[in-house]
2 protein chains.
Amino acid sequence: MTNQSKFTVSCGQCGLNELCLPHALTAQEIDQVDSIVKRSKPLQRGEYLYNTGEVFSSIYAVRSGSIKVFTIDDEGEEQVIGFYLPGELLGLDAIDSKLHMSTAKSMETSSVCEIPYDSIEDLSATIRNLQVHMYRVLSREIRVDQELQMLLAKKTAEERIGAFLMNLSLRYEQRRLSSTRFRLPMARSDIGNYLGLAVETVSRIFTRLQTMGVLTVEGKEVEILDRNALCNVAHSREVA
Amino acid sequence: MTNQSKFTVSCGQCGLNELCLPHALTAQEIDQVDSIVKRSKPLQRGEYLYNTGEVFSSIYAVRSGSIKVFTIDDEGEEQVIGFYLPGELLGLDAIDSKLHMSTAKSMETSSVCEIPYDSIEDLSATIRNLQVHMYRVLSREIRVDQELQMLLAKKTAEERIGAFLMNLSLRYEQRRLSSTRFRLPMARSDIGNYLGLAVETVSRIFTRLQTMGVLTVEGKEVEILDRNALCNVAHSREVA
DNA sequence: CGATTTGTTGATCTTACTCAATAATCGTGG
DNA sequence: CCACGATTATTGAGTAAGATCAACAAATCG
């Protein structure tokens, strides 16, 4: 257990990067955590992990693939809440009400770990550092949500797309994947929905960013050519 | 300890409605919780509870008055994250990083309780129901933030204001205050900032809602005349 | 009581949405 | 493997919701 990034895969069979603080839990404690984790069978594209209205019993950690989480509003419209990548935890929003108020759908073939919430409550009552870590995970989710709020309240379409791509780039980087070349697992309509933009706007801005030489997009494949410029786009600064 | 609403004031000197589950903690446990709470001196309008960049050491519970929480973006602009009323907890977003990434400013004469975070970690490791409750409080904050995301991503200016006022109305009701007549502690510019709207738009929609007979506004005093109609405004339904 | 901040209203402009048409991609079955 | 329809993405033209600019009114404060 070195002081490597907490995003490093570390947690035995479960791969719970987010759930484990490599330098905070003993090997024995990690075994205990592993023992409560259920490894689920892979999800196919379009399959649901949980549905709005279902009773909450577990949180989930993405092992591979990617999961889209969304709510359904009064008119039955989807509102995308977030996209979850390997190592990230889903379902934290249901702990309070014990009912899922959102739906989680696999965007590609994915595998997830199921972690019964009761077991987390039990185990974190005995493993002090697990409790501490859960508080941090929940707190981080709050901060991530607040950043999105700022994006939606204040930023232009171009800034939103720029920030969205930068965010993805950073998250892939943390997972030791290419930060400049990756595949968008979600549809344009999901991006638009998430960022509060029309599909057409998403499309137009992708092409605009291409024209500017910031990146290339071919279908779902993105290559970031000028990360610095993209960062400027995300922060409403002029690009040379 | 009856099964009264968890919003009922219950927690000895601290008034921590949110922090206490009346029916889940024993009287002795409540005493323990009370003992870690520091009662702070009142804050004057405009005073800061904590500032962006400061080291995080405590969370705070509003006892009376109201607190505005906002971040500062790249250009030094405020982005309002939320308004906190009596019984609500602030500072949860800093647990992860141990640094305040936002600023909390009193909107009127307010009093707050300071609760050292280390003590919460300690106490929730021994009081099982406090741990359970903290998870729920954090989870609820996540869900509240997600609802705002939906508001910002999808709703029109009128719907946002409608939902904002309905939300305030409900929160006052939970606090046993009038749900139809209350004072807006924040400036119009704060409302606009929070909802992603220009001040002028907020103003215009207030007058429009008045013309529609849904409510009356006089400065900061609001009276909701037709709560049903306001609810419809908030949910993009036609108002008769 | 004047000065400064805060709120309202009007006129104009801009961004991003809507509608519409076309193109590309995906999935399925022959 | 290719052909088919269906979904998804791109591009264009017109529109609308809300922003911005500007002037004025009202409230707040010293």
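Just so it is clear, the values below take in all heavy atoms, side chains as well, and ignore hydrogens, waters and symmetry mates. Lettering of chains follows the sequences in order, A, B, ..., and the numbering in each one begins at 1.
Contact between the side-chain N/O atoms of S203(A) and the OP1/OP2 oxygens of dT11(D) is not found at any separation under 4.0 Å.
Using a 4.5 Å heavy-atom cutoff, the side chains of L170(B) and R227(B) are in contact. Within the 4.5 Å cutoff, no side-chain heavy atoms of S58(A) are placed close to those of I115(A). D226(A) places none of its side-chain heavy atoms less than 4.5 Å from the side chain of L230(A).
Taking every nucleotide of DNA chain C with any atom under 4.0 Å from a non-hydrogen atom of chain A, the first and last of them, 5' to 3', are dA16(C) to dG27(C).
Across all their heavy atoms, V55(A) and H100(A) have their closest contact at O-CD2, 3.8 Å. Heavy atoms only, all atoms of each residue included: P185(B) and E108(B) are closest at CB-OE2, 3.5 Å.
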Could you go over nucleotides 26-30 of chain D and give all protein N or O partners under 3.5 Å, atom names and distances?
none

Review item, nucleotides 20-23 of chain D N/O atoms under 3.5 Å of protein N/O:
from, atom 1, to, atom 2, distance (Å)
dT20(D), O4, R204(B), NH2, 2.9
dC21(D), N4, E200(B), OE2, 3.0

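Nearest-nucleotide mapping onto DNA chain C: of E158(A) and V217(B), the residue sitting toward the 5' end is V217(B).
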In sequence, state the C-alpha distance, the side-chain angles, and the governing distance for E158(B) and R208(B), and then conclude on salt bridge (charged side-chain N to carboxylate O under 4.0 Å, His left out). CA-CA 9 Å; E158(B) 203 173 278; R208(B) 193 190 303 168; 2.5 Å; yes
Verify side chain to side chain contact (heavy atoms under 4.5 Å, CB included) between T52(A) and M101(A), making sure each step is shown before the conclusion. CA-CA 5 Å; T52(A) 301; M101(A) 302 303 289; 5.5 Å; no
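A salt bridge links R143(A) and E147(A); the closest N-O separation between the charged side-chain nitrogens and carboxylate oxygens is under 4.0 Å. A salt bridge links E88(B) with R175(B): the closest approach of a Lys/Arg side-chain nitrogen to an acidic carboxylate oxygen falls below 4.0 angstrom.
Side-chain atoms of T109(B) do not come within 3.5 Å of backbone N or O of Q44(B) as any donor-acceptor pair. One N or O on the side chain of Q210(A) and one on the backbone of V217(A) form a donor-acceptor pair closer than 3.5 Å. A donor-acceptor distance shorter than 3.5 angstrom exists from the side chain of K98(A) to the backbone of I95(A), with no hydrogens or angles considered.
Taking atom NZ of residue K154(A) and atom P of nucleotide dA19(D), one finds them 11 Å apart after rounding to whole Å.
With a 6.0 Å radius and a threshold of 12 heavy atoms from other residues, nucleotides or ligands, R237(B) has its CZ atom above the threshold.
Taking every heavy atom of residues 185-197 of chain A and every atom of DNA chain D, pairs under 4.0 Å involve A187(A), R188(A), S189(A), by number.
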Run the side-chain donor-acceptor check on residues 189-196 of chain B: report pairs under 3.5 Å with partners two or more places apart or on a different chain.
from, atom 1, to, atom 2, distance (Å)
D190(B), OD1, K68(B), NZ, 2.9
D190(B), OD2, A187(B), N, 3.4
N193(B), OD1, K154(A), NZ, 3.3
N193(B), OD1, V80(B), N, 2.8
N193(B), ND2, E78(B), O, 2.9

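Expressed to the nearest 0.5 Å, how far CG of D93(A) lies from CD of Q146(B) amounts to 4.5 Å.
Note on the helix from dC1(C)-dG30(D) to dC26(C)-dG5(D): terminal axis deviation equals 50°, with five pairs used at each end and the result rounded to 10°.
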